[in-house]
Amino acid sequence: MSRWREAFLALRNGVDPQVVLRTLKQGFDTYDPCDTWQKSSESGVKTSCDTLRHIESSPVPSVTSVATDFDSKTPGIPPSVTSVTTVKGVYLDFETRNTSGCNLDTAGAWRYAADPRTEVLTLTYKLDGGAHQLWLPSLGWCDPLASLAADASTSFICFAGFELAVWQRIMVERLGFPSIPIGRWIDAQAECSYFAVPRTLGKVLPVIGAPVAKDEAGKRLVRCLSKRDRKTGEYPEVTPEILDRVAAYNQIDVDGLIAVHTAFGSLSEQERRVWELDQRINQRGLGIDVELVRAAKRISEISTSALLEEFAGLTRGLSPYQVGKTREWLTGRGFTLENIQEETVQAALDELTLPEDVRRVLEIRLITASTSLKKLDAMLACVGPDGRARGLLRYHAATPGRWSAELIQPQNLPRPTVEIEDSEELVAAVKTGDPKALRRWGEPLEVLASALRFAVCAEEGSLFGAADFSAIEACVLLALAGQHDKCSLIAGGVDIYRDMAAMIYGLDRDRFLAIREEELTLEQSEQRRIGKNTVLGCGFSMGGLRFRNQYLRHLPRQEGEKLAAGIVYTHYRKTWAPKVPQLWRDLEASARRAMLHPGIPIKARCGIVYTLDKIAGLPTLVCRLLNGKHIHYVNARVDANKLDPYGNPVWTYWAYRKGQWREIDPYGGQLTENVVQALARELLVDRMFAFEERGYQIVLTVHDEVLIEHPQITKMVMEKIMTERPQWAEKIGVPVATKAWVGKRYRK
DNA sequence: GTACTCTGCGCC
DNA sequence: AAACGGCGCAGAGTAC
């Protein structure tokens, strides 16, 4: 029996609620008093809730939908028992608050919903064609809600994964409502992601021209309820008036949700499967070694505070994070740096003769610049009572369909920069909590960052299996472009980076290829590095200037520019992969033709099809991939007044970039990159299904890498499953090579 | 106070 | 004939 169920029964049997709550909290305290929360609740004390009084009296925005039924005693529509083929939809949205400082933004929906001090304020739900229904926690377990949840033919439609978490952790585990399997949930936010429109309700509604707008005042009110009053230090009391206002806000959110789902409709069958997989992964969670994280945090704090103090002493009170002011200080000491990026600072340390204080300031900036160790706080904030962090992945967050990640953001854990022979030895050293224990590996903060991945840990009795595709984007690109000679090289196990380098530097190709990896001279390694950058970087129409800036900064400017121009324009485009520029033109011309002929599918030579369609009333260029998957370019319009330098009509679309909904000018290289990235994602998704079907549970995906957790996984099984490829990839000849490892802790 | 932009950094 | 990659996060600074 779960702790919640126990508490629920205790309450029903008349046990003092305070006692029950204390018991529950104790259960949590044993695993995690959550030091980070203490901080956030303290800052909550300082937060003003003065606005509360404003908001209470602020008018409720007009509601467009007419039907309103807030009388919970009115019987709802009885659940369908006659037909399972009639699928009903229930739209629903929770408003909640937390009174312990647990922050939804940092804890994530799953940790937040599991917190004993998270409470439901209101739940508004609405059946297709029916009236809004209000459920309040005071009603407890009740019909028709419970019957709807139990009814296999009823879908629950929500916005984002939040409702799934609250339903499971609170409605099911605390109140005894029936659990709703993933297959019966529909997430309108996933639809937004798939169709590449903004992912927040407030932002997407105006984009689709919905007659509903987000109730911003209501949103602020609900947020206020989770913050302590600045003066009294107490959480606000939820008065009947406030509850009414929250319910009104809640209802408007449901209307917004309906507008979004009605506009976009459901995901395709194919993507629906991917979303369900996404939810399984997110609910499963990723194991975190909390003991390791705690110890690492201690070391990090000791080491960092000493460095910050030293820095402040040298600079009259500055912090190394104050970029502008640190640069000013450096200028004052006679050293003007164009920026204080790692590379610039490192170069200054290497090349200039510096006074001791300037040198030390730059050194400290280098050590403290990485914010990777903030992930320790992120881990503690979102890890659940069972030591697993949930809700880390965001389905289809990038236009081509890749996942992104949040909270811990496990997709950008630093790669180790110090040499680690035995991970368990290092883990043990970190667990001492003493910076000195790390000295044998290097600078403590650098060692910690290098050990960060080890905090991701398989559960007792289980192992991680990981596998990734080697240079998958280059492989897909070359295959799609029909550059078969290079695909054959890859398939034959040739190091194409060296093949490329041999061409650039005019080396004896066969002899260069024959050298064993560990016998490459420094110069030869450098040549291979440039070859690698060329193969991976030039595929999407990068120009010579950018190539020089990105990869050849260490050379004198003129020499670098000359070499870059030769590499990009002559070696790569003309000789090594001449079919690739043809692919850019192919896709760009096809997309443009589709834009000029609405509704007519235009097939590029590579088999990709573009069609200008209407989605949610918005002109959308739909790109159909080789397996039927779509990429969407929303608000796609031809700009009648403009021609590009070659006399072609120009078109634009809109996308969410850098936190803003903005106009984008597409070009061939970018369209190619989207298609290639999307196809690489399809290859990975295909393998993810293969792992799951064979009973290997996926816990993380990182673009070209998959991590599974299983008691008996082996490297051989990982490689065997990972190497298979779908028919379409077989057909165009995508070479697939994979590397795998098995172990207790996550690593690179 | 909140929202946004900028710089910087990490991964692919 | 061909250019600007993506993602999230932290912290500082600015505007409202």
Side-chain angles (χ1 to χ4, degrees), chain A residues 43 46-51 105-106 202 216 219-220 223-224 227 230 318-327 338-345 365-366 368-375 377-378 392-394 396-415 417 449 452-453 468-469 471-473 536-547 549-550 568-569 573 580-589 644-648 655-660 664-674 676-678 680-681 684 701-705 748:
Chain A
S43 71
K46 288 183 221 123
T47 310
S48 162
C49 244
D50 292 344
T51 43
D105 292 334
T106 51
E216 295 295 339
K219 184 173 138 187
R220 279 196 299 275
R223 202 177 287 176
C224 251
K227 289 178 181 167
R230 195 166 32 168
L318 297 186
S319 133
Y321 306 117
Q322 292 176 290
V323 176
K325 291 188 176 147
T326 299
R327 279 184 58 210
E338 100 191 63
N339 55 50
I340 52 167
Q341 289 169 19
E342 189 178 347
E343 197 191 317
T344 317
V345 174
R365 164 66 201 182
L366 269 192
T368 53
S370 163
T371 50
S372 294
L373 291 174
K374 296 287 172 200
K375 284 191 195 294
D377 292 324
L392 303 183
L393 290 181
R394 239 189 225 173
H396 210 295
T399 305
R402 280 191 188 183
W403 275 269
S404 73
E406 55 190 343
L407 305 178
I408 297 172
Q409 218 311 49
Q411 291 182 335
N412 75 346
L413 286 162
R415 287 162 164 269
T417 52
L452 207 50
R453 273 175 196 259
D468 69 356
F469 292 130
I472 191 61
E473 289 198 9
L536 298 179
C538 290
F540 308 115
S541 77
M542 173 191 277
L545 267 178
R546 205 177 125 82
F547 190 92
N549 286 336
Q550 202 151 326
V568 173
Y569 303 114
R573 292 190 193 172
V580 168
Q582 288 173 25
L583 177 64
W584 307 335
R585 284 176 218 132
D586 183 23
L587 291 177
E588 182 169 318
D644 72 9
Y646 313 98
N648 299 307
Y656 210 67
R657 293 271 170 83
K658 296 173 194 159
Q660 287 296 100
I664 312 275
D665 296 318
Y667 57 93
Q670 188 218 320
L671 296 175
T672 307
E673 183 172 21
N674 288 172
V676 167
Q677 216 175 74
R681 181 261 198 186
L684 188 68
T701 156
V702 191
H703 312 312
D704 65 354
E705 174 188 357
K748 198 59 218 174

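Proteins come first, then strands; the chains are lettered A, B, ... in the order of their sequence lines, and each starts at number 1.
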Inset, instruction - Spell out yes or no: do the side chain of A/Arg585 and the base of C/dA1 have one donor N/O and one acceptor N/O closer than 3.5 Å? - result: no
Legend entry - Nearest-Å distance for atom pair CZ/C1', residues A/Phe547 and C/dG5: 15 Å
Identify the pairs formed between an N or O of the protein and an N or O of nucleotides 11-16 of chain C at a distance under 3.5 Å, and give each distance.
residue: C/dG11; atom: OP1; partner: A/Lys374; partner atom: NZ; Å: 2.8

Each nucleotide N or O in nucleotides 10-12 of chain B that has a protein N or O under 3.5 Å away: list the pair and distance.
residue: B/dG10; atom: OP2; partner: A/Glu342; partner atom: OE1; Å: 3.2
residue: B/dG10; atom: N2; partner: A/Asn412; partner atom: ND2; Å: 3.2
residue: B/dG10; atom: N3; partner: A/Asn412; partner atom: ND2; Å: 2.7
residue: B/dC11; atom: OP1; partner: A/Arg415; partner atom: N; Å: 2.4
residue: B/dC12; atom: OP1; partner: A/Arg415; partner atom: NH2; Å: 3.3
residue: B/dC12; atom: OP1; partner: A/Lys748; partner atom: NZ; Å: 3.2
residue: B/dC12; atom: OP2; partner: A/Arg415; partner atom: NE; Å: 2.7
residue: B/dC12; atom: OP2; partner: A/Arg415; partner atom: NH2; Å: 3.1
residue: B/dC12; atom: O3'; partner: A/Asp704; partner atom: OD1; Å: 2.9
residue: B/dC12; atom: O3'; partner: A/Asp704; partner atom: OD2; Å: 3.0

Legend entry - Lys/Arg-Asp/Glu bridge criterion (N-O < 4.0 Å) met for A/Glu473, A/Arg402: yes
Legend entry - Residue-phosphate contact under 4.0 Å: A/Tyr569 side-chain N/O, C/dA3 OP1/OP2: yes
Legend entry - Flag, side chain of A/Thr326 to backbone of A/Gln322, donor-acceptor distance under 3.5 Å: yes
Inset, instruction - Could you check whether A/Asn339 gets within reach of a base, just the sugar-phosphate, or nothing at all, counting any heavy atom under 4.0 Å? - result: sugar-phosphate
Legend entry - N or O in side chain of A/Arg546 less than 4.0 angstrom from C/dG5 OP1/OP2: yes
Legend entry - For A/His703, all residues meeting ring-ring contact (aromatic ring centres under 6.0 Å, His included), sequence neighbours excluded: none
Inset, instruction - Report yes if a side-chain nitrogen or oxygen of A/Arg394 is closer than 4.0 Å to either non-bridging phosphate oxygen (OP1 or OP2) of C/dG8; otherwise report no. - result: yes
Inset, instruction - Indicate yes or no: does A/Glu588 engage A/Arg585 in a salt bridge with an N to O separation below 4.0 Å. - result: no
